[in-house]
Amino acid sequence: MSIKTISNVYNLLLSLGAFYLGVTMLSGEGVFETFPPEWVGRMPFNSWESLAFSGMIIFGIGNAVIAFYGFIKKDHKLFILTFIWGLLLFLSAIMPIMLIGEWYLPALQIWLLSLMQLILGFIGIVSKKFNKKKQLKY
């Protein structure tokens, strides 16, 4: 399986995960029943609903567009987009730590997911440059 296919599938899975998490937040059950009062005024979101919609739009639709772009197009812009979205997810996971000053277990999981997306994007970019140099030699 090629790095392009792996990256496309991973982006699609991240998209599905973002929609699943967003719908779970919108349900308002379990851990998402009440929005932590200590987050109000310190985070850019004031409710689970605003966080859910933002996540579904940015990471759900964004990763889906990147995945479908990668499945349809033959160019390697996919890896640049994958890297950018991985960086955005990484910064989104770090932001609550910087704003609130506390580390939450979901932030670690999101950070690991973003790290994998960054690695896939980086490998794709490097392999593209390596293949380009290899073709120039012959």
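- A ring pair (Phe, Tyr, Trp, His ring centres under 6.0 Å) check over residues 11-34, counting only residues at least two apart or in different chains, returns the pairs F32-W48.
- The line from CD1 of I6 to CG of L120 is 7.0 Å long, rounded to the nearest 0.5 Å.
- Linking ILVMFWY side-chain heavy atoms closer than 4.5 Å, directly or via other members, places L14 and I57 in two distinct hydrophobic clusters.
- M98 meets the side chain to side chain contact (heavy atoms under 4.5 Å, CB included) test with I94; sequence neighbours excluded.
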Enumerate donor-acceptor pairs with a distance under 3.5 Å from any side-chain N or O in residues 58-71 to protein atoms, sequence neighbours excluded.
residue: N63; atom: OD1; partner: Q117; partner atom: NE2; Å: 3.0
residue: N63; atom: ND2; partner: F59; partner atom: O; Å: 3.0
residue: Y69; atom: OH; partner: D75; partner atom: OD1; Å: 3.1
residue: Y69; atom: OH; partner: D75; partner atom: OD2; Å: 2.9

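- Atom CZ of F79 and atom CD1 of I84 lie 13.5 Å apart (nearest 0.5 Å).
- Both L89 and I123 sit in one connected hydrophobic cluster of ILVMFWY residues. Membership requires side-chain heavy atoms under 4.5 Å apart, directly or through other members.
- Residues passing the side chain to side chain donor-acceptor pair (under 3.5 Å) test with S54, sequence neighbours excluded: none.
- One finds the CE atom of M95 at 6.0 Å from the CG atom of L99 (value rounded to the nearest 0.5 Å).
- Minimum heavy-atom separation, G86 to S114: O-CB, 3.5 Å.
- Judged as a side chain to side chain contact (heavy atoms under 4.5 Å, CB included), and not counting sequence neighbours, the contacts of L13 are V9.
- For the pair L113 and Y10, the tightest heavy-atom approach, listed with the atom from each and the gap, is O-OH, 2.9 Å.
- Residues satisfying the side chain to side chain contact (heavy atoms under 4.5 Å, CB included) criterion with L87, sequence neighbours excluded, are L91, L118.
- Note on residues 33-46: pairs passing side-chain hydrogen bond (donor to acceptor under 3.5 Å, both in side chains), not counting sequence neighbours, are W39-Y104.
- Among residue pairs with one or both ends in residues 79-98, those qualifying as side-chain hydrogen bond (donor to acceptor under 3.5 Å, both in side chains) are S7-T82, N11-T82; sequence neighbours excluded.
- Every residue meeting the side chain to side chain contact (heavy atoms under 4.5 Å, CB included) condition with S50, not counting sequence neighbours, appears here in chain and number order: F45, S47.
- If you check the side chains of S2 and T5, you find a donor sitting under 3.5 Å from an acceptor.
- Annotation for A52 and G22: closest pair CB-O, 3.5 Å, computed over non-hydrogen atoms.
- Annotation: side chain of F35 is not in contact with side chain of E49 (no heavy-atom distance under 4.5 Å).
- Both V40 and M43 are members of a single hydrophobic cluster when ILVMFWY side chains are connected at heavy-atom separations under 4.5 Å.
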Next on the checklist: For a side chain to side chain contact (heavy atoms under 4.5 Å, CB included) check, start with the C-alpha distance between M56 and L21, then their side-chain angles and the critical distance, and finish with the verdict.
Outcome noted: CA-CA 8 Å; M56 287 190 293; L21 188 59; over 6 Å; no
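- Distance check: L108 CG to L115 CG gives 10.5 Å after rounding to the nearest 0.5 Å.
- I119 and F83 fall within a single hydrophobic cluster, where Ile, Leu, Val, Met, Phe, Trp and Tyr are joined by side-chain heavy atoms under 4.5 Å apart, directly or via other members.
- Taken together through direct or relayed side-chain contacts under 4.5 Å among Ile, Leu, Val, Met, Phe, Trp and Tyr, V23 and V31 form parts of separate hydrophobic clusters.
- Side-chain atoms of T24 and E29, non-hydrogen and from C-beta on, never get closer than 4.5 Å to each other.
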